[in-house]
Protein chains: 2
Amino acid sequence: MSEATILIVEDEPAIMDMIALTLDHANFDTIAAESAHQAHVAVIDQKPDLILLDWMLPGGSGIELARRLKRDDLTADIPIIMLTAKTSEDNKVQGLNAGVDDYVTKPFSPRELVARIKAVIRRSGGSELDKPLEVFDLRLDPASHQVTIEDQSVEIGPTEFRLLKFFMSHQEKVFSRDNIQDQVWGANVYLDERTIDVHIRRLRQALTSTENSGTNYSKLIQTVRGVGYRFSVKPS
Amino acid sequence: MSEATILIVEDEPAIMDMIALTLDHANFDTIAAESAHQAHVAVIDQKPDLILLDWMLPGGSGIELARRLKRDDLTADIPIIMLTAKTSEDNKVQGLNAGVDDYVTKPFSPRELVARIKAVIRRSGGSELDKPLEVFDLRLDPASHQVTIEDQSVEIGPTEFRLLKFFMSHQEKVFSRDNIQDQVWGANVYLDERTIDVHIRRLRQALTSTENSGTNYSKLIQTVRGVGYRFSVKPS
DNA sequence: CGCTGCCTGTCATGATTTTGTCATATACTG
DNA sequence: CAGTATATGACAAAATCATGACAGGCAGCG
């Protein structure tokens, strides 16, 4: 299995090829994008684990893209490594403000690139993504792939697990069914809209099932009429 | 309300009909164009939200049109989906270079087409206009799609939500009923004028309903006799 | 292989909410 | 006080959602 999927955003074909080859050799999957726009599409479509972003994109939109991605909840936790020709401190400051995770200055050795990528992935992926999510006594642990309420294990299917995980890591925000579909099932999967409803129901059912004392956790999943669903701690 | 307006550029009547029917069924408005020229006119005239463009147009290529639209600032951010018979990678590369947003290769299922359209629209519309709006202790948060008064959630229907959002982002200004209709319901929707009154009432009711201390937020929505309504912080 | 049980996506149906319109009451203007 | 303009309550149609049932896919197992 590949280590991870890396999106490379680079307009210069020669450099692109070089990087792609390097990463390929290091057992990463790569996606290529030549412009900020293409990159944005690829991010949403394929959810790379990391983005290698050239600072100097035509139209100067590299930093713009980074900022946009970091501002959006759905893409904020994808680490970004900037490729830059300049060593100027100015750039670094600007970049860090945009939420970039690391820098590689050209020219760089393949070895350095791979090392930095691994480091960033270790840093972000290792700690963040597998951290257990908790809301009151509801607990979802990605590592053990288990959901518990008051330490009582909850029966839950794979899809409902992913759904709950998505909700718990994006609380207090509405999502349209289309959105949920993209995030939980993946893009280019075509589902009937009502199917989402059914899975919501199954999830609610699972959260209710445990004969727990008092609190009904299914209330955390609120339906927003005409829009979609929301996971919220506040009572509606 | 329709999801969005789609311009279909396709010279084959049979395919055109099929697509139009499909989109119609999915609650999109459609505009038809049989040639690149017609299409260009339609784009400027009616500002569609998305363009479905056939690769193979008689006498002039669809790709030419795509390139032209993407080059012009005024039309550059209208997403384009190409319809193509070939699966060849060549085309995709050429298309992406022209700034096309996605591809659908014939033959395609109606469901796939709709899904891709929605995906593209979602992607492009993702600009951050989602900052919460606040007036005193009245708060409207587009992200969570919630209205609160003193942190107490307010029961409010979808239309009243849109109405309030409109008012809160256009304070201290009178709007005629026609204006409000265009902004909240969308143009080319016919409503009885009195219907606006009813929704205003419902909104006021919602803002009053919470048994809150003192301030009555329904007073923010003021009637301007003979003209329309105004959202104003200043007491009238 | 064939059987069994679980997971999934889809459908049909009934419940609930939302919405546009009317008819009537009330408020404002000159 | 007459003449409009707006507010309000009621209502039926339409939109949207929850739910139960069901069939195909798939893995595990005898």
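Reminder, nothing fancy here: chain letters follow the sequence lines and each chain counts from 1. Any value given below was found using the heavy atoms of this structure, including those in side chains, with hydrogens, waters and symmetry copies removed.
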Is [X] near enough to [N] that one of its side-chain N or O atoms lies under 4.0 angstrom from OP1 or OP2?
{"X": "A:Trp185", "N": "C:dG9", "result": "yes"}
{"X": "B:His199", "N": "C:dG20", "result": "yes"}
{"X": "B:Thr159", "N": "C:dT18", "result": "no"}

For this session: Treat primed atoms plus P, OP1 and OP2 as sugar-phosphate and everything else as base, then score nucleotides 15-23 of chain D 5' to 3': B for base contact with protein heavy atoms under 4.0 Å, S for sugar-phosphate contact only, - for none.
Result: -BSSBBB--
Starting at [atom1] of [X] and ending at [atom2] of [N], how long is that distance when rounded to a whole Å?
{"X": "A:Leu163", "N": "C:dT8", "atom1": "CG", "atom2": "C1'", "result": "13 Å"}
{"X": "A:Ile196", "N": "C:dG9", "atom1": "CD1", "atom2": "P", "result": "9 Å"}
{"X": "B:Glu160", "N": "C:dT17", "atom1": "CD", "atom2": "P", "result": "15 Å"}
{"X": "B:Leu203", "N": "C:dT19", "atom1": "CG", "atom2": "P", "result": "12 Å"}
{"X": "A:Gln181", "N": "C:dT8", "atom1": "CD", "atom2": "C1'", "result": "14 Å"}
{"X": "B:Leu164", "N": "C:dT18", "atom1": "CG", "atom2": "P", "result": "15 Å"}
{"X": "B:Ile156", "N": "C:dT19", "atom1": "CD1", "atom2": "C1'", "result": "14 Å"}

Exercise. Heavy atoms under 4.0 Å, any strand shown: does B:Glu193 hit a base, just sugar-phosphate, or nothing?
Worked result: nothing
So do [Y] and [X] actually touch side chain to side chain, heavy atoms under 4.5 Å?
{"X": "B:Leu23", "Y": "B:Leu113", "result": "yes"}
{"X": "A:Lys118", "Y": "A:Leu50", "result": "no"}
{"X": "B:Phe231", "Y": "B:Phe166", "result": "no"}

For this session: Quick one: do B:Asp151 and B:Arg139 satisfy salt bridge (Lys or Arg N to Asp or Glu O under 4.0 Å)? Show the steps, please.
Result: CA-CA 8 Å; B:Asp151 290 325; B:Arg139 181 187 168 91; 5.9 Å; no
Exercise. How far apart are the closest heavy atoms of B:Pro79 and B:Asp49, and which atoms are they?
Worked result: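 Looking at all heavy atoms of both residues, the closest pair is CD-O, 3.1 Å.
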For this session: Measure the CD-NZ distance between B:Glu172 and B:Lys234 for me, rounded to the nearest 0.5 Å.
Result: 4.5 Å
Problem set entry | Validation row, ring centre A:Phe167 to ring centre A:Tyr229 under 6.0 Å |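 So the answer is no for these two rings.
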